[in-house]
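Presented below is the structure to which this report refers.
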Amino acid sequence: MEEIIFWMEEAADSGVKKIADKVAGDVELVTDRRPRVLYGTSQEELADVAERAETVIVPATVGKSRLLEQMEEEKRIGLEQIRGKRECYGWFFLNDPEWHGTQILLIAGSDKRGTIYGLFHLSELLGVSPFVDWCGIRPPHREHVGLRASMACVAGEPSVRYRGFFINDEWPAFGTWCNRRFGGFGTSVYEHVFELLLRLKGNYLWPAMWSARFGDDGPGLANAKLADEYGIIMGMSHHEPCLRQGEEYKYLRGKDSVYGDAWNFRTNREGIIRFWKDGLLRRGKFENVITLGMRGEADTAILGEKATLEDNIELLRDVLKTQNELIRECVDEDVKRVPRMLALYKEVEAFFYGNDQTAGLMGSEELEDVILLLCDDNYGNLRTLPTKEMRTHKGGYGMYYHLDYHGWPISYEWINSSYLPKIWEQMTTAYEFGVRELWIVNVGDIATQEFPLSYFLDMAYDFGRWGSGAVNQTAEYTRQWTRQQFGSFTEEIQEQIADVLQGYTRLRRLNGYLRKRSVCMRG
């Protein structure tokens with residue numbers, strides 16, 4: 001008799017099927033025995049499979065599974081705790097004489113991502129790191145996988161709706177890796193990125209953008225289609241509106257181009273509008289959070305130094321009105337149903353708040369249901385938070401945070417220098433001030449940021465566990481994370497690794513603070 005078999009309905013989402021296969025691979029890493037993944041259409045077929053295994057694992061999604069409907073009708077399970085909710089899952093252990101004493105683990109997701117998170121919960125319990133694919137981390141060996149009815153659980157909705165990272169400053173490491181290993185920034189790269197994001201229980205991504213074009217590099221739309229298959233919600237960076245990247249305009253612009261040859265909404269209005277419209281028509285059918293607004297080329301200020309605050313605000317107001325009209329035309333007539341975001345990054349923050357003489361964009365009709373993405377100062381310190389009155393904003397608030405930064409006056413890249421107590425302090429403050437709709441973190445080229453990235457996304461997924469109620473728990477998190485990544489080492493060595501992680505990031509944070517202060521004082 002086989003130890004474990006995965007059984008799924010033929011009608012299951014293809015992304016869920018792919019993840020089930022990856023989790024079967026995780027079981028093989030732990031036990032050296034790979035479970036089979038089988039498909040069927042009925043309870044009778046499931047009963048036949050149950051004759052051949054000690055445990056059958058059945059992933060299924062509410063609204064997509066006839067099996068779930070039947071089991072609920074027969075009072076074998078209750079789905080009231082997850083139905084109609086986002087990204088929830090339940091683990092239900094079933095025993096029935098017709099299944100020959102075989103244990104059935106039913107993993108029921110409220111939606112596709114919920115089912116995927118429920119599958120990866122099994123990997124976590126087996127001691128498999130979320131970085132098993134990304135970093136090649138091997139889990140400790142086990143002779144037997146013991147699943148018990150006491151493991152039954154229901155995971156509630158994630159604390160933050162959109163949770164993810166931004167691949168930025170991706171040269172030389174990430175870009176070189178992509179080109180040498182995969183020939184570019186196509187699906188063979190994003191297959192690994194999407195898996196990592198889902199294993200970390202994230203759901204939202206800003207893709208690489210220094211020299212990459214997510215919408216073209218797939219090749220074509222293959223990247224976007226793969227994201228949709230896995231349930232990844234795509235966005236573009238804070239200065240790349242309407243699902244188009246800066247590199248795309250650089251590539252397509254020209255004297256005879258239909259998009260014109262100037263990234264300027266005043267002198268090349270028709271060309272820019274067409275550029276945005278084509279981006280929405282191309283990718284608006286997928287699940288996105290669409291970036292609004294406009295900055296200058298290469299992430300610079302949109303107008304020159306001589307422009308007044310009022311000039312900038314009126315330009316941006318015109319841009320926002322135009323973009324919302326395009327979204328109505330190309331994506332959904334009810335623009336309120338389309339997730340949209342405006343990043344209040346650098347000078348855009350001033351345009352939002354205005355001053356005593358000039359009213360800003362705050363309260364504008366164009367932003368009524370738009371997520372307002374607040375930002376740190378590029379060094380992990382929050383710049384602004386919504387007041388009690390501002391928290392009534394229908395679109396909610398997000399936070400753009402940095403674990404990596406390339407820019408003036410000091411860049412910090414390639415080596416993790418983020419101190420967990422600092423992240424806890426800043427992000428718990430953000431959450432308690434109502435910043436709960438979107439958390440996005442700049443991780444540079446991802447590599448070397450695995451530790452703080454895990455913490456950031458764990459807080460976003462389960463704030464109740466790691467947020468305001470977890471005072472002085474970053475050392476415990478570090479120990480847990482170390483055990484997860486280095487489970488094959490002795491407890492003594494794990495403790496030493498945890499001490500190093502805490503100690504050097506504390507020293508790096510102090511050193512970075514002193515250097516920044518020195519530069520600012522000289523300036």
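All values derive from a computational prediction rather than experimental measurement. Here, residue 1 is the first one in the sequence, and each next residue gets the next number.
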Exercise. Going through the checks in order, is the side-chain contact (heavy atoms from CB on, under 4.5 Å) test met by Arg161 and Ile233?
Worked result: CA-CA 11 Å; Arg161 181 178 294 272; Ile233 303 162; over 6 Å; no
Problem set entry | Reference residue Lys422; test side chain to side chain donor-acceptor pair (under 3.5 Å); the match among Asn381, Thr505, Thr474 | Asn381
Exercise. So, for Trp481 and Phe451, is the gap between ring centers shorter than 6.0 Å?
Worked result: yes
Exercise. Pick from Leu105, Leu68, Ile107, Leu79: which one makes a side-chain contact (heavy atoms from CB on, under 4.5 Å) with Phe92?
Worked result: Leu79
Problem set entry | Within 45° cone of Phe120 ring axis and under 6.0 Å: Lys201 NZ or CZ | no
Problem set entry | Exercise: identify the closest heavy-atom pair between Glu425 and Thr429 | O-OG1, 2.7 Å
Exercise. Picking from Glu191, Lys225, Arg113, what satisfies side-chain contact (heavy atoms from CB on, under 4.5 Å) with Tyr230?
Worked result: Glu191
Seminar exercise, completed: Here the pair of heavy atoms bringing Val27 nearest to Pro35 is CG1-CG, 3.6 Å
Exercise. Taking the six-membered ring for Trp, are Phe214 and Phe185 ring centroids under 6.0 Å apart?
Worked result: no
Seminar exercise, completed: Tested for side-chain contact (heavy atoms from CB on, under 4.5 Å) against Ile423, the lone hit among Leu403, Val441, Thr428 is Leu403
Problem set entry | Euclidean distance, Asp299 CG relative to Glu240 CD, rounded to 0.5 Å | 8.5 Å
For this session: Over all heavy atoms of both residues, which pair between Phe174 and Ala208 is shortest? Give the atoms and the distance, please.
Result: CE2-CB, 4.1 Å
Exercise. Are more than 12 heavy atoms from other residues, nucleotides or ligands located less than 6.0 Å from atom OH of Tyr251?
Worked result: no
Problem set entry | Within 6.0 Å of CD in Glu28, more than 12 heavy atoms from elsewhere | yes
Seminar exercise, completed: Nearest heavy-atom contact between Gly127 and Pro139 is O-CB, 3.5 Å
Problem set entry | Heavy atoms of other groups near Phe489 CZ, more than 12 under 6.0 Å | no
Problem set entry | Between Trp206 and Tyr400, ring centroids under 6.0 Å | yes
For this session: Mind telling me whether His121 and Tyr89 have parallel, tilted or perpendicular rings, with 30° and 60° as the class edges?
Result: tilted
Problem set entry | Spatial distance of atom CZ (Phe165) from atom CD1 (Ile446) [nearest 0.5 Å] | 4.0 Å
Exercise. In terms of side-chain heavy atoms, does Glu3 have a donor or acceptor partner in Thr31 at a distance below 3.5 Å?
Worked result: no
Seminar exercise, completed: In terms of heavy-atom contacts, Ser211 and Trp171 come closest through OG-NE1, 2.8 Å
For this session: Anything under 30° is parallel, anything over 60° is perpendicular, the rest tilted; go ahead and classify Trp439 against Phe456.
Result: tilted
Problem set entry | Parallel, tilted or perpendicular, as decided by the 30° and 60° cut-offs, for the rings of Trp210 and His406 | perpendicular
Exercise. Is it the case that more than 12 heavy atoms not belonging to Arg138 sit under 6.0 Å from its CZ atom?
Worked result: no
For this session: Give the intermediate values and the outcome of side-chain contact (heavy atoms from CB on, under 4.5 Å) for residues Ile497 and Ile493.
Result: CA-CA 6 Å; Ile497 292 171; Ile493 292 177; 4.0 Å; yes
Exercise. Okay, side chain of Thr448, backbone of Trp414: is any donor-acceptor separation there less than 3.5 Å?
Worked result: yes
Seminar exercise, completed: Contacts satisfying side chain to side chain donor-acceptor pair (under 3.5 Å) that involve residues 483-496 (not counting sequence neighbours) are Ser129-Gln485
Exercise. For the residue pair Met71 and Leu46, what are the closest heavy atoms and their distance?
Worked result: CE-CD2, 4.3 Å
Exercise. Counting only heavy atoms not in Phe433, do more than 12 sit closer than 6.0 Å to its CZ atom?
Worked result: no
For this session: Give a yes or no on whether the backbone of Gly118 and the side-chain of Trp91 come within a donor-acceptor separation of less than 3.5 Å.
Result: yes
Seminar exercise, completed: Rounding to 0.5 Å, atoms CZ (Arg479) and CG (Asp499) come to a distance of 8.5 Å
Exercise. Who pairs with Lys64 by salt bridge (charged side-chain N to carboxylate O under 4.0 Å, His left out), at least two apart in sequence or on another chain?
Worked result: Asp13
Problem set entry | Arg283 backbone acceptor or donor facing Asn288 side chain under 3.5 Å | yes
Exercise. Can you check whether Thr478's main-chain N or O pairs, donor with acceptor, with Thr482's side chain at less than 3.5 Å?
Worked result: yes
Exercise. Do other residues, nucleotides or ligands put more than 12 heavy atoms under 6.0 Å from the CG atom of Asn472?
Worked result: no
Problem set entry | Pair Glu287 + Lys112: basic N to acidic O under 4.0 Å | no
For this session: Test side-chain contact (heavy atoms from CB on, under 4.5 Å) on Trp134 and Glu450 and set out the steps.
Result: CA-CA 10 Å; Trp134 189 256; Glu450 293 86 353; 3.9 Å; yes
Problem set entry | Straight-line distance of Ile57 CD1 to Gln103 CD, nearest 0.5 Å | 9.0 Å
For this session: Supply the atom-to-atom distance Arg163 CZ to Ile440 CD1, rounded to the nearest 0.5 angstrom.
Result: 11.5 Å
Exercise. Parallel, tilted or perpendicular: which fits the ring planes of His238 and Tyr345, with parallel below 30° and perpendicular above 60°?
Worked result: tilted
Problem set entry | Separation between OG of Ser468 and CZ of Phe463, rounded to the nearest 0.5 Å | 3.5 Å
For this session: Without swapping roles, check the side chain of Asn223 against the backbone of Thr187 for a donor-acceptor pair under 3.5 Å.
Result: yes
Seminar exercise, completed: Only residue of Lys22, His192, Arg199 satisfying side chain to side chain donor-acceptor pair (under 3.5 Å) with Asp133 is His192
Exercise. Taking everything shown except Arg181 itself, do over 12 heavy atoms lie less than 6.0 Å from its CZ?
Worked result: no
Exercise. Do you see a donor-acceptor pair shorter than 3.5 Å between the side chains of Asp404 and Gln449?
Worked result: no
Exercise. Do the side chain of Asp376 and the main chain of Asn378 share a donor and acceptor less than 3.5 angstrom apart?
Worked result: yes
For this session: Using the six-membered ring wherever Trp is involved, compare the ring planes of Tyr204 and Tyr162 and label them parallel, tilted or perpendicular (cut-offs 30° and 60°).
Result: tilted
Problem set entry | Check against salt bridge (charged side-chain N to carboxylate O under 4.0 Å, His left out), Asp462 and Arg465 | CA-CA 6 Å; Asp462 189 357; Arg465 173 66 184 90; over 6 Å; no
For this session: Would you check, one step at a time, whether the test salt bridge (charged side-chain N to carboxylate O under 4.0 Å, His left out) holds for Lys85 with Glu157?
Result: CA-CA 7 Å; Lys85 297 184 178 179; Glu157 291 185 319; over 6 Å; no
